[in-house]
Amino acid sequence: MGRAFVYVILGGGVAAGYAAHEFVKRGVEHGELCIISEEPVAPYERPALSKGYLLPEDPARLPAFHCCVGTNEERLTPKWYKEHGIELVLGTRVKSADVRRKTLLTATGETITYKILLVATGARALKLEEFGVKGSDAESVCYLRDLADANRLVNVMQSSSGGNAVVIGGGYIGMECAASLVINKINVTMVFPEAHCMARLFTPKIASYYEEYYQAKGVKFVKGTVLTSFDFDSNQKITAVNLRDGTRLPADMVIVGIGIRPNTSLFEGQLTLEKGGIKVNGRMQSSNSSVYAVGDVATFPVKISSETRRLEHVDSARKSARHAVAAIMEPEKTTDFDYLPFFYSRVFALSWQFYGDSTGDVIHFGDFLGNSFGAYWVNNGHVVGSFLEGGTKVEYEAIAKITRLKPEIEDLTDLETQGLGFALTL
Ligand code: FAD
Ligand code: NDP
């Protein structure tokens with residue numbers, strides 16, 4: 001049993017949705033394109049799962065956040081795929097790939113053949129078991145990567161109202177979920193191994209602003225340690241978590257956000273991998289010219305910092321997907337991807353954006369006791385990264401522009417004095 005397509009997108013997440021939109025914009029014919037996804041629903045904006053989806057009142061639910069509403073473009077419902085002659089093969093895992101024969105074998109036993117393959121398999125959440133901790137399959141332990149996880153989390157939150165949650169990990173999932181738990185009237189303690197939250201991006205000064213804000217909302221922080229085991233009652237329900245430093249924290253529920261691993265296993269030994277992802281060139285093309293990779297799973301050349309990077313953010317997924325489709329459909333008109341890394345988050349009434357690279361000296365600016373502040377990263381005498389909390393649209397555009405321009409900085413003190421004004425006047 002088998003079907004053949006000109007283009008196959010493997011994976012049905014953010015990158016898949018934006019790639020499908022781009023294929024249609026560039027005139028793909030009916031019957032040429034197929035999307036195969038393990039998830040049972042059409043591509044959606046994954047960031048909604050840790051934000052609107054977890055709200056106690058008027059929460060976001062599908063079909064409201066199918067791609068491409070995240071960029072204020074049309075919403076691609078299952079009907080849209082049908083109308084454009086795109087085959088959606090949902091709830092179907094691909095269990096093996098053969099890039100030499102150009103075939104994919106699904107868990108249902110079907111062989112799907114392609115001429116061009118776009119790999120958009122994203123990533124999976126790391127499990128506590130991978131750090132030697134047992135018990136994370138317990139009912140009240142939640143991870144958050146897909147819709148099924150989000151539904152489970154909502155149920156566990158509802159049954160833990162007024163109780164205690166322990167959030168493991170001080171990264172994106174930890175920070176966004178902790179905020180949602182507070183809004184759901186659950187007492188939160190965050191546990192992570194680093195000295196401060198968001199350790200890979202935030203400076204200690206930036207982190208302390210967010211930690212103080214969270215503390216004012218009742219969140220407690222236990223830093224510099226990790227979870228070692230769970231305590232269970234006679235019904236196998238978790239009652240507490242034990243930490244390496246000897247602390248025991250009562251817990252009605254636990255959320256784990258300790259990072260991800262890209263889903264590359266189908267292609268190991270077949271495609272070149274680098275930095276944990278599938279290595280691609282500036283056209284998002286892998287070491288096999290018929291296979292492209294985009295989104296969280298792709299390691300691509302970031303021109304502005306002259307290095308290859310694998311980014312785990314939605315803007316990169318959207319833009320890399322569109323770029324790959326342009327390179328596939330109009331190769332002669334498509335130059336190399338020139339991407340400015342962009343990360344953001346929104347929690348409580350806060351909202352920040354970051355552009356570029358967080359390397360070199362850091363120059364903070366603005367009012368760290370107020371609502372708006374930021375930082376520049378200066379490396380080898382040039383601005384390479386910018387961060388801003390509480391900015392306006394114009395201000396965010398200004399820091400993005402300055403990061404792309406990489407202006408030379410002669411005097412760091414002068415940059416500090418000018419602060420945001422430096423970006424606004426350049
Ligand atoms: P995904 O969106 O993860 O899609 C991968 C798809 O591939 C899934 O549908 C999966 O089921 C499918 N798949 C994998 N293997 C197979 C297989 N073998 N067979 C069939 N299907 C397969 N980024 C931001 O910049 N801002 C945010 O605010 C933000 N919030 C986030 C909130 C949450 C809860 C999460 C989990 C992530 C968030 N991100 C955010 C990150 C962002 O969502 C990802 O970078 C983005 O989804 C990556 O897109 P992708 O298409 O590469 O992967
Ligand atoms: P992150 O990589 O952001 O953070 C993981 C955190 O967990 C780090 O602080 C990490 O520390 C810590 N950690 C690692 N191991 C342990 C351990 N054994 N015990 C306790 N803490 C540990 O990953 P997340 O899981 O938070 O997010 C998953 C993905 O979702 C990421 O790709 C992220 O980009 C994406 N996401 C993005 C959002 C956004 O952009 N706004 C929002 C939500 C999710 P260390 O740094 O030392 O490894």
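Count residues from 1 along the sequence. All ligand and atom numbering here is 1-based and tracks the order in the structure.
Of the options Val94, Leu153, Leu147, Leu90, the smallest heavy-atom separation from atom 19 (N) of ligand 1 is shown by Val94. The heavy atom nearest to atom 13 (N) of ligand 1, out of those in Val89, Ile36, Asp315, Thr121, is found in Thr121.
Among all protein heavy atoms, the one lying closest to atom 25 (O) of ligand 1 is Val314 N, 2.9 Å.
When only modelled atom types and interatomic distance are considered, Glu312 and Tyr172 share no side-chain donor-acceptor pair under 3.5 Å. Side-chain N/O atoms of Tyr44 and Arg46 include a donor and acceptor closer than 3.5 Å. Side chains of Lys279 and Ser286: a donor-acceptor N/O pair is absent below 3.5 angstrom, by distance only.
For Lys223, the side chain to side chain donor-acceptor pair (under 3.5 Å) criterion is met by Glu211, not counting sequence neighbours.
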Side-chain donor-acceptor distances from residues 135-143 under 3.5 Å, at least two apart:
{"unit_1": "Ser136", "atom_1": "OG", "unit_2": "Glu129", "atom_2": "OE1", "d": "2.5"}
{"unit_1": "Ser136", "atom_1": "OG", "unit_2": "Glu129", "atom_2": "OE2", "d": "3.3"}
{"unit_1": "Ser136", "atom_1": "OG", "unit_2": "Tyr143", "atom_2": "OH", "d": "2.8"}
{"unit_1": "Tyr143", "atom_1": "OH", "unit_2": "Leu128", "atom_2": "N", "d": "2.9"}

Could you list the donor-acceptor pairs under 3.5 angstrom formed between side-chain atoms of residues 322-329 and any protein atom two or more places apart in sequence or on another chain?
{"unit_1": "Arg322", "atom_1": "NH1", "unit_2": "His21", "atom_2": "ND1", "d": "3.3"}
{"unit_1": "Arg322", "atom_1": "NH1", "unit_2": "Glu22", "atom_2": "OE1", "d": "2.8"}
{"unit_1": "Arg322", "atom_1": "NH2", "unit_2": "His21", "atom_2": "ND1", "d": "3.0"}
{"unit_1": "Arg322", "atom_1": "NH2", "unit_2": "Glu73", "atom_2": "OE1", "d": "3.2"}
{"unit_1": "Arg322", "atom_1": "NH2", "unit_2": "Glu73", "atom_2": "OE2", "d": "3.1"}
{"unit_1": "His323", "atom_1": "NE2", "unit_2": "Gly282", "atom_2": "O", "d": "3.2"}
{"unit_1": "His323", "atom_1": "NE2", "unit_2": "Thr335", "atom_2": "O", "d": "2.9"}
{"unit_1": "His323", "atom_1": "NE2", "unit_2": "Phe337", "atom_2": "N", "d": "3.2"}

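Within 4.0 Å of ligand 2, counting heavy atoms only, the contacting residues are Phe131, Ile168, Gly169, Gly170, Gly171, Tyr172, Ile173, Glu176, Pro193, Glu194, Arg200, Val226, Gly257, Ile258, Gly259, Ile260, Glu312, His313, Tyr344, Ser345.
Listed by number with element, the atoms of ligand 1 under 4.0 angstrom from any heavy atom of Leu266 are 18 (N).
Salt bridge Asp231/Arg248: present, at least one basic N to carboxylate O contact under 4.0 Å.
Residue contact check for ligand 1: Thr92 places a non-hydrogen atom closer than 4.0 Å to it.
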